[in-house]
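These notes concern the structure reproduced below.
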Amino acid sequence: MPEVEIRKFASVVEEIFHEGGPRAAVPLRRAAVIAVIRNPFAGSYVEDIQPFMEDLKPLGLTMAHRLVDLLGGDPAVVEGYGKGAIVGAAGELEHGALWHAPGGYAMREVLGDAMAIVPSTKKVGGPGTRLDVPITHINASYVRSHFDSMELGLNDAPRADEMALMLVMTTGARVHSRAGGLAADKITGKDGLR
């Protein structure tokens with residue numbers, strides 16, 4: 001399988017102080033890293049694409065470490081995460097699915113003890129396509145206060161023969177979360193759900 005060819009990285013950090021209610025004493029921080037890579041399968045149908053997941057593992061770890069650094073360098077502050085992929089028009093949706101394991105396991109490894117499955121989304125699109133990357137709590141998917149998303153995209157990516165691979169981490173619940181459900185301090189931590 002060919003090496004991963006990276007055209008560029010992009011990163012963003014948001015600090016959210018309020019959503020119309022009282023100003024938070026500590027802002028919610030959300031960070032994202034996007035890697036734009038060449039899609040080695042663009043333009044043709046390839047039956048066996050799974051080996052490329054192994055090639056993507058180092059990229060996943062690099063991006064996960066960058067995210068922790070963007071949030072201050074301490075993995076203990078991370079409470080939410082998510083991942084996504086936009087596949088250029090010469091590729092297929094299944095190529096984006098190759099990001100599931102390398103992206104998700106990389107974040108879980110860097111965070112140490114994260115138990116919840118990393119939520120994900122993917123689509124095929126051209127330059128300027130936006131993707132709402134879903135976010136949930138790192139240890140229990142049912143923690144409603146951490147249900148979130150981060151809209152990501154780049155004006156020049158993905159080109160037809162590229163993929164834009166995305167990872168997101170957050171430091172807490174939505175600002176002003178008050179929709180009930182399982183609270184983060186009530187997680188039992190046994191199955192990644194509750």
Side-chain angles (χ1 to χ4, degrees), residues 4-16 19 28-43 49 52-53 55-71 78-108 110-111 114 116-138 141 143-144 146-175:
V4 177
E5 293 180 34
I6 302 168
R7 178 162 69 89
K8 70 176 185 176
F9 285 109
S11 59
V12 62
V13 177
E14 296 181 348
E15 291 183 280
I16 304 167
E19 295 288 350
L28 168 66
R29 289 179 293 146
R30 301 191 306 187
V33 174
I34 304 170
V36 179
I37 68 167
R38 187 180 76 80
N39 180 353
F41 310 112
I49 60 175
F52 194 55
M53 286 191 288
D55 298 330
L56 288 171
K57 284 182 178 180
L59 177 61
L61 285 169
T62 295
M63 292 170 66
H65 283 291
R66 284 183 179 217
L67 277 171
V68 170
D69 289 345
L70 287 168
L71 292 172
V78 177
E79 293 186 18
Y81 54 20
K83 64 185 182 298
I86 305 172
V87 180
E92 60 180 282
L93 192 62
E94 195 65 11
H95 301 159
L98 295 174
W99 187 231
H100 284 304
Y105 284 113
M107 287 197 290
R108 292 171 75 175
V110 167
L111 296 177
I117 191 167
V118 181
S120 180
T121 191
K122 60 198 158 300
K123 70 196 238 183
V124 174
T129 297
R130 308 291 292 180
L131 188 68
D132 289 327
V133 177
I135 299 164
T136 59
H137 194 281
I138 64 169
S141 296
V143 176
R144 199 176 298 161
H146 288 60
F147 293 176
D148 203 351
S149 67
M150 192 169 184
E151 184 186 26
L152 299 171
L154 297 168
N155 65 325
D156 68 342
R159 295 173 182 166
D161 64 346
E162 292 179 332
M163 293 190 282
L165 305 177
M166 306 166 178
L167 294 181
V168 174
M169 291 182 186
T170 68
T171 61
R174 296 180 312 280
V175 174

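Model, not experiment: these values are computed from the prediction.
- At a threshold of 4.5 Å between non-hydrogen side-chain atoms, the residues Leu131 and Thr121 count as touching.
- Between Ile138 and the choices Thr170, Leu111, Val118, the side chain to side chain contact (heavy atoms under 4.5 Å, CB included) rule is met once, by Leu111.
- Every residue was checked against the side-chain contact (heavy atoms from CB on, under 4.5 Å) condition with Pro127, not counting sequence neighbours, and none meets it.
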side-chain contact (heavy atoms from CB on, under 4.5 Å) between Phe52 and Val4, intermediate numbers included: CA-CA 9 Å; Phe52 194 55; Val4 177; 4.0 Å; yes
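- Crowding of Ile6 atom CD1: a count of heavy atoms from other residues, nucleotides or ligands under 6.0 Å exceeding 12.
- When atom types are taken as modelled, the side chain of Ser120 and the backbone of His100 share no donor-acceptor pair closer than 3.5 angstrom.
- A salt bridge (charged side-chain N to carboxylate O under 4.0 Å, His left out) with Arg30 is found for one member of Glu14, Glu151, Glu79 and no other, namely Glu14.
- Salt-bridge formation is detected for the pair Asp156/Arg7: a Lys NZ or Arg NE/NH1/NH2 atom is positioned less than 4.0 Å from an Asp or Glu carboxylate oxygen.
- Partners of His65 according to the ring-ring contact (aromatic ring centres under 6.0 Å, His included) rule, which considers only residues two or more places apart in sequence or in another chain, do not exist here.
- Ring orientation note: the planes of His137 and His146 are nearly perpendicular, at an angle over 60° on the 30°/60° scale.
- Side-chain atoms of Trp99 never come within 3.5 Å of backbone atoms of Ala164 as a donor-acceptor pair (strictly under, hydrogens ignored).
- Panel note: side chain Arg38, backbone Glu5; no donor-acceptor pair is recorded below 3.5 Å.
- Neither side chain, His95 nor Lys122, offers a donor N or O lying under 3.5 Å from an acceptor on the other.
- With sequence neighbours left out, Asp69 forms a side-chain contact (heavy atoms from CB on, under 4.5 Å) with no residue at all.
- Geometrically, Arg66 engages Phe9 in a cation-pi contact, judged by NZ or CZ lying under 6.0 Å from the ring centre and within 45° of the ring axis.
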